[in-house]
Amino acid sequence: MGNDLQVVCLEKRWGDFTAVDRVSFTVAESTLCVLLGPSGCGKSTILRMIAGLEEASGGSIYIAGRDVTTIDPARRGVSMVFQSYALFPHLSVGENIVFGLKVRKIGATERAARLRQAAELVGLAELLERKPAQLSGGQQQRVALARAIVSQQPVCLMDEPLSNLDAKLRSEMRSEIRALQKRLGLTMVYVTHDQIEAMTMADQVILLKDGRVEQSGPPHELYERPATAFTAGFIGAPPMNLLVLDELPNLNEIKAATDDMSLPRSPAGMRYGVRPEDIELAEDGLSARVEAVDFLGAGSIITLHHQNQQLLASCSGRAALTIGQQVYLRWPPEAVHLFSANGRTEAEESIHP
Amino acid sequence: MKHVYGWLLLTPAAILLIGFTHYPTLRTIGESFFSRGSSLRPSRFIGLDNYRAMFDDPIFWKVLTNNLWFALGTIPTSIILALTMALLVNRALPGRALVRMAFFTPTILPMIAVANIWLFFYTPDIGLIDQILSLVGISGHNWLGDPATVLGAIIVMTIWKEAGFFMIFYLAALQHLPPELREASRLEGAGRWHHFRRVTFPLLMPTTLFVLINAVINSFKLVDHLFILTKGGPNNASNLLLYYIFETAFSYFDTNFAATLTVALLFLLALMALAQFYLLDKRVHYR
Ligand SMILES: Nc1ncnc2c1ncn2[C@@H]1O[C@H](COP(=O)(O)OP(=O)(O)O)[C@@H](O)[C@H]1O
Ligand SMILES: [Mg+2]
């Protein structure tokens, strides 16, 4: 069992509005679980219910096998990093970090030792005397991190901790947080709307939509086997192309892209998914017109139109194409994902009739 | 050319400031070096004689002491009360808007109206206080007529009026504090009182300084209740510096001595403002 976290059928309602709807998942000890989803899908609400800052309307939360659903936040064994960092502006960095240890009446010698250790882990040892306002965004983030580490709680909760940082710092902090989590053996729940963070950091991703779990599993599984059109469109950058089969006058053209892979006979409302990175330019196949080429350095994103539908394709290097040019596209049959009218795959269909 | 334009823009503000602040101040200081003029003996330069007279004037010392007690009686209590009320109404409680308004009402009433309400409270025998006390068998007392109770009575009324005003500033400051700070300390196990002492109160220091300066200035500015309630009496027991200046200037028509007293008041206020800024500066600016 260890320090695992279990959420069972968790619910949150405000009046008639259901923000979190019967969400269940388990985070194994010393693993990192990412709650992923668009803004407003209930990620923060779930995290705050785990922390005890928000009362659950239904369901239970277990930490290390203990039911903590109605227990005081301070006694649940969780630490939290807030999106806004929530540093105390009048206290120095050092005082901010040991604030909780003082509240918990931990002796001065141990406090100093833990402070030193935490400050070194996050690279703040030189800045302990400063006030938060005298730090950069990245450094403030580290203070918040150190405050969570120093409490030595088994479960660490993070609510979009990197969203206020610039892109470069963000990728640095991503790997740093992941390394710390592994090194300290923390059980971590990490909230983000950024699928790149989820893909790079998570052991397990819980993808949420409108307060419900859309799909959960290891990142590669969500990428390779999206169970729904929503997952397919959310995971991966650029996102998976989803062609509406109804709107294509001639299905033979699309079959040509895959050596005549058979398609269902009644494609009403069906969507045909293929990832931009699986699309290749070829001599024959699906015809398309080049609308735009975005050169990103290591590769390019090509925006294409087939009939009235848009497709994105990514290729390495600089694509030697001109706007308006006619090209042919091919992709392997195993790259195709078919979603039925309600957005689920054929395989999922049989599970959710 | 640019300069001319700049000066033109400044002129209206400068005229007001000079006409109504700087010139009167200098004029007052000037007047304080002259004797009281009459039709027989015109006013003449007498150097520091007025100041000597002021230091020898027992009433001056009396009103100064009164003012000190008045400040000590009103300032800490009204600030503590203001902060307590602000913390109370900053929480989600039923009828919050109503409670806020109730706390704030004394502030929006004109001074004269307030004084009249309290005059009714304090009236011997038939006033509210005496009527309530008579229920438990305590006989009537002339609150405003007894030198031992008159200053206290004024202090209580002033606190009643000021606390709601200061509450508004604290309420505004409290609403600017991010709620995550409380959440962060809650996760660490800090109770309400601990959070208040270690986080909220220090973060409210700029507001406290602002309120404190206002409270000090107000305690020297009080004049309107005294008109209605006591006229400074009995026997100057409730007389305060500004009312004494008013009396000197407009009842005794000794404008030169009133100017001298005014200079003393200005000096005291400037001294206190400076002291507050210097002493509290270090503890206030955390940004
Ligand atoms: N205190 C609240 N009262 C009512 N609705 C709320 C409250 N907090 C959040 N919500 C709603 O719940 C939904 C989920 O919010 P949140 O968990 O913050 O989303 P996320 O963190 O995924 O962006 C949103 O639609 C939001 O408007
Ligand atoms: Mg959120």
Side-chain angles (χ1 to χ4, degrees), chain A residues 44 47-54 68 71-93 95-106 111 130-135 140 143-145 147-148 150-153 155-161 164, chain B residues 79-80 83 86-87 90-97 169-213 276-287:
Chain A
S44 299
L47 203 70
R48 291 168 57 79
M49 285 193 284
I50 297 173
L53 297 172
E54 205 81 71
V68 297
I71 287 181
D72 183 82
R75 301 219 183 80
R76 294 186 176 204
V78 299
S79 59
M80 185 157 172
V81 175
F82 292 82
Q83 181 172 0
S84 60
Y85 313 143
L87 302 180
F88 303 117
H90 60 299
L91 298 180
S92 70
V93 168
E95 289 170 322
N96 258 291
I97 296 174
V98 298
F99 181 89
L101 302 187
K102 276 193 182 163
V103 175
R104 292 179 198 273
K105 305 241 177 343
I106 285 169
R111 233 162 44 210
R130 295 227 194 143
K131 294 281 166 70
Q134 297 167 312
L135 300 178
Q140 291 182 14
V143 180
L145 215 55
R147 192 167 65 181
V150 89
S151 69
Q152 299 188 346
Q153 304 284 8
V155 174
C156 180
L157 309 172
M158 299 206 173
D159 192 354
E160 314 222 13
N164 295 338
Chain B
I79 289 181
I80 291 169
L83 184 52
L87 288 169
N90 190 39
R91 284 189 290 165
L93 80 175
R96 181 168 60 171
F169 294 102
Y170 276 121
L171 194 56
L174 281 172
Q175 296 192 335
H176 269 99
L177 295 184
E180 293 90 52
L181 296 185
R182 176 66 190 121
E183 291 177 348
S185 78
R186 238 180 105 192
L187 279 173
E188 306 285 9
R192 274 223 183 89
W193 171 243
H194 187 95
H195 180 77
F196 174 76
R197 205 164 46 87
R198 294 270 292 148
V199 181
T200 312
F201 187 69
L203 290 179
L204 288 176
M205 266 320 242
T207 311
T208 303
L209 176 66
F210 175 79
V211 163
L212 190 60
I213 289 172
Q276 286 180 348
F277 278 119
Y278 277 108
L279 290 178
L280 291 171
D281 222 17
K282 272 172 259 134
R283 312 206 45 191
V284 167
H285 293 285
Y286 52 84
R287 282 179 206 285

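Residue numbers start from 1 in every chain, and the chains themselves are labelled A, B, ... in the order their sequence lines are given, proteins ahead of strands.
Summarising the local packing, CZ of A/R104 is surrounded by more than 12 heavy atoms from other residues, nucleotides or ligands at distances under 6.0 Å.
Annotation: the span from B/L187 atom CG to A/D72 atom CG amounts to 9.0 Å, rounded to 0.5 Å. To the nearest 0.5 angstrom, B/H194 atom NE2 is 4.5 Å from A/F99 atom CZ.
Closest non-hydrogen pair, B/L203 versus A/H90, comes out as CD2-ND1, 3.5 Å. Nearest heavy-atom pair across B/L181 and A/L87 is CD2-O, 3.3 Å. Annotation for B/R186 and A/G52: closest pair NH2-O, 3.6 Å, computed over non-hydrogen atoms.
Using a 4.5 Å heavy-atom cutoff, the side chains of B/P178 and A/F82 are not in contact.
For B/Y170, the side chain to side chain donor-acceptor pair (under 3.5 Å) test picks out B/T208, with sequence neighbours left out. B/F169 meets the ring-ring contact (aromatic ring centres under 6.0 Å, His included) test with B/F165, B/F210; sequence neighbours excluded.
For A/R76, no part lies near chain B; criterion is any non-hydrogen pair under 4.5 Å. Proximity to chain A is absent for every atom of B/R182, based on heavy atoms less than 4.5 angstrom apart.
Ion pairing between B/E188 and A/K102 fails under the 4.0 Å rule for side-chain N and carboxylate O.
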